[in-house]
Amino acid sequence: MPHTVALLAAASGAQGPGSTLRIALFVSLVGAVLLAWFLLRGYRNNDDND
C-alpha cells in the first residue's frame, strides 16, 4: 500500500490533482460495477438447482 500512495503522490505532483481524481473515479466506478454484479448474481434464477 505505501508504494501505491507514493506512486499517486508522484503522479499528482507532476500533473496536478486531475489525473489522481480521474484514477480514483475510474477505480470506484469499476468497484461499483463489480459489487453490483456480485450482489445481483444471487437474484438470477438457477434452474440447475431445482
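Because the structure is a prediction, the values reported are computed rather than measured.
Using a 4.5 Å cut-off on side-chain heavy atoms (C-beta onward), Leu25 and Leu21 make no contact.
Note: the hydrophobic cluster containing Trp37 does not contain Leu29 (ILVMFWY, side chain heavy atoms under 4.5 Å, direct or indirect links).
Of the listed residues (Val27, Val33, Leu34), just one forms a side chain to side chain contact (heavy atoms under 4.5 Å, CB included) with Val30, and that residue is Leu34.
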